[in-house]
Amino acid sequence: MSTVYVGMSGGVDSALAAALLVEQGHDVRGIYMRNWTQDLPGFRCPWADDLADAERVAVTLGIDLDVWDCEQEYRATVADYLVDAYAHGRTPNPDVMCNQTIKFGTFAQRAFAEGADLVATGHYARVEHGRSGVPARLLRAVDEHKDQTYFMWRVSGEMYNRAVFPIGGYANKSAVRAACAERGLGIEDKPDSDGICFIGPVGLRSFLLDTLERRPGDIVEWETGTVLGRHEGAFLFTVGQRRGLDLGGGPARYVVSTDTETNVVYVSADRDCPGLWTRELLLEDARWVAGEAPAAGRYLVRTRHTGPLREASVRPDEGALVRVTFPEPVRTVAPGQSAVVYDGLECMGGGIVAR
RNA sequence: UGGAGCAUCGUCCAGUGGUUAGGACUGCGGUUUUUGGUGCCGCCAACCUAGGUUCGAAUCCUAGUGCUCCAG
């Protein structure tokens with residue numbers, strides 16, 4: 001029996017995680033991380049409802065639930081990070097940062113400081129704890145479709161040594177919901193969370209338009225340099241994007257690249273436009289679960305959540321950069337997104353696509 | 001100013017006497033997804049104006065208006 005602090009979001013996954021830990025006989029304490037409470041125009045932040053859901057589950061399980069204020073850290077490391085990246089023409093992945101700095105940052109550190117042996121979350125992932133100081137290995141969930149290790153690559157194996165993911169072994173989401181229903185947790189019908197949590201249904205486009213200064217510029221055909229239209233800011237677009245260009249009349253066009261310096265958005269009607277394909281990536285800000293880079297060699301690499309695992313050569317490059325080379329070109333990899341490296345089932349770590 | 005041509009969803013086109021006026025793109029919504037994007041599904045939306053011919057007009061005729069091209 002261990003003392004386990006479980007992050008409870010008010011959702012289905014973390015509720016079942018807490019329930020399973022209680023059943024395993026641990027001394028379980030629930031923590032609701034209050035990351036964001038601010039409403040946006042047209043969107044009421046549902047944090048209080050989520051907290052109420054988490055509290056209901058905690059009562060059912062007979063455990064304590066506390067609220068920890070993480071708003072400062074969340075704003076600085078997730079929300080501001082997101083805005084800054086978009087302002088610089090990159091396409092950030094806020095959830096990756098949230099896992100690093102909030103769930104396995106602020107939350108975990110405070111839990112350990114208060115005497116927790118382990119922290120737990122409702123992530124779809126598995127850990128293999130290392131013995132005697134060896135970092136844990138992070139493994140993909142049994143449900144390959146729900147696997148969330150793509151968002152977890154920046155966290156260290158030392159941290160994962162003290163983390164457990166009780167639902168990582170579940171076959172699929174409906175099994176998780178069914179397990180919640182069996183236990184009478186009362187939230188089995190709550191919809192999955194979706195989209196950037198603090199932006200909600202408002203949508204990224206209008207959030208960015210409200211947050212960043214508009215900067216009208218040209219939409220240019222990648223092949224010919226012909227000006228096809230105007231945009232409200234190159235920061236609104238990401239590689240491969242189709243919607244939002246407002247170019248009627250011709251064929252569908254896709255964003256090939258954006259240039260925040262010249263404020264130009266390059267587009268092509270050719271889905272197989274050479275500019276949309278990448279054979280080689282340079283990663284920056286690499287992190288490795290084991291604490292050090294794996295030996296150069298062939299691994300599996302994923303450049304988007306729910307994207308295929310592709311074989312690729314991964315090797316250190318100048319400085320702290322990492323070079324990833326695919327035998328076959330990959331379509332629409334956006335700078336700012338994560339490239340996550342796997343060896344079989346194991347998530348080794350990764351980096352942020354520089355170019 | 002003469003000669004010719006064209007005016008149909010927001011855009012680009014299809015439709016030459018009887019169509020629920022069709023498609024593509026855009027936009028909007030949904031779905032997929034604990035990021036962005038993609039994909040998939042669905043929805044909105046139009047016959048330049050005024051007369052006429054006809055049982056019936058986007059379609060034929062006349063005039064007007066607008067645009068394009070060739071002349072000069």
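None of the values given here were measured: they were computed from a predicted structure. Quick note on labels: first sequence line is chain A, next is B, and so on, each numbered from 1.
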Could you measure between the two [atom1] atoms, the one in [N] and the one in [M], and give it in whole Å?
N: B:rA24; M: B:rC69; atom1: P; value: 31 Å
N: B:rU26; M: B:rG37; atom1: P; value: 15 Å
N: B:rA7; M: B:rC28; atom1: C1'; value: 28 Å
N: B:rA14; M: B:rG23; atom1: P; value: 16 Å
N: B:rG22; M: B:rA58; atom1: C1'; value: 13 Å
N: B:rU19; M: B:rA4; atom1: P; value: 33 Å
N: B:rC55; M: B:rG42; atom1: P; value: 42 Å
N: B:rC13; M: B:rC9; atom1: C1'; value: 11 Å

Rounded to whole angstroms, how far apart are [atom1] on [X] and [atom2] on [N]?
X: A:Arg253; N: B:rC12; atom1: CZ; atom2: P; result: 13 Å
X: A:Leu228; N: B:rU11; atom1: CG; atom2: P; result: 17 Å
X: A:Leu245; N: B:rU11; atom1: CG; atom2: C1'; result: 14 Å
X: A:Lys146; N: B:rU33; atom1: NZ; atom2: P; result: 6 Å
X: A:Ile219; N: B:rU26; atom1: CD1; atom2: C1'; result: 11 Å
X: A:Asp13; N: B:rU34; atom1: CG; atom2: C1'; result: 9 Å
X: A:Asp147; N: B:rU34; atom1: CG; atom2: C1'; result: 12 Å
X: A:Ile199; N: B:rU34; atom1: CD1; atom2: P; result: 18 Å

Mind checking who [N] pairs with, Watson-Crick or G-U wobble, both distances under 3.5 Å?
N: B:rU34; answer: none
N: B:rA50; answer: B:rU62
N: B:rC69; answer: B:rG3
N: B:rC12; answer: B:rG23

- Would you indicate whether A:Arg355, at its atom CZ, is surrounded by more than 12 heavy atoms from other residues, nucleotides or ligands within a distance under 6.0 Å?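 Result for CZ/A:Arg355: open.
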- Message: Quiz question: by atom type and distance under 3.5 Å, do the side chains of A:Ser174 and A:Asn172 form a donor-acceptor pair?
- Response: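 Their side chains do contain a donor-acceptor pair, which is all the 3.5 Å distance test asks for.
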- Message: If we count only N and O atoms by modelled type, under 3.5 Å, do the side chains of A:His305 and A:Asn93 hold a donor and an acceptor together?
- Response: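 No - no donor-acceptor pair under 3.5 Å links their side chains.
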- Note on the structure: With sugar-phosphate taken as primed atoms, P, OP1 and OP2 and all else as base, the protein-contact string of nucleotides 35-48 of chain B at under 4.0 Å (heavy atoms; B, S, -) is BBBSS---------
- Hey, mind stepping through A:Arg177 and A:Asp192 against salt bridge (charged side-chain N to carboxylate O under 4.0 Å, His left out) and telling me if it holds? CA-CA 11 Å; A:Arg177 289 187 184 282; A:Asp192 289 8; 2.5 Å; yes
- Item | Residue whose nearest RNA chain B nucleotide is more 5′ - A:Arg205 or A:Tyr124 |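 Its nucleotide being nearer the 5' end, the pick is A:Arg205.
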- Item | Check: A:Phe107 ring centre within less than 6.0 Å of A:Tyr5 ring centre |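 No: the rings miss the under 6.0 Å criterion.
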- Pair A:Tyr160 and A:Phe104, ring centroids less than 6.0 Å apart: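 Centroid distance A:Tyr160-A:Phe104: below 6.0 Å, so yes.
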- Backbone of A:Val134 reached by a side-chain donor or acceptor of A:Asn161 within 3.5 Å: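 Side chain of A:Asn161 to backbone of A:Val134: a pair is present.
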- Message: Counting the atoms with a prime plus P, OP1 and OP2 as sugar-phosphate, which does A:Gly244 contact under 4.0 Å by heavy atoms, base, sugar-phosphate, or nothing?
- Response: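 Sugar-phosphate: the residue A:Gly244, judged by heavy atoms under 4.0 Å, touches backbone atoms but no base.
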- Task: Flag this pair as yes if the NZ/CZ of A:Arg302 is under 6.0 angstrom from the six-membered ring centre of A:Tyr342 and inside a 45 degree cone about the axis; otherwise no.
- Result: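 The answer is yes; both the distance and angle limits are met.
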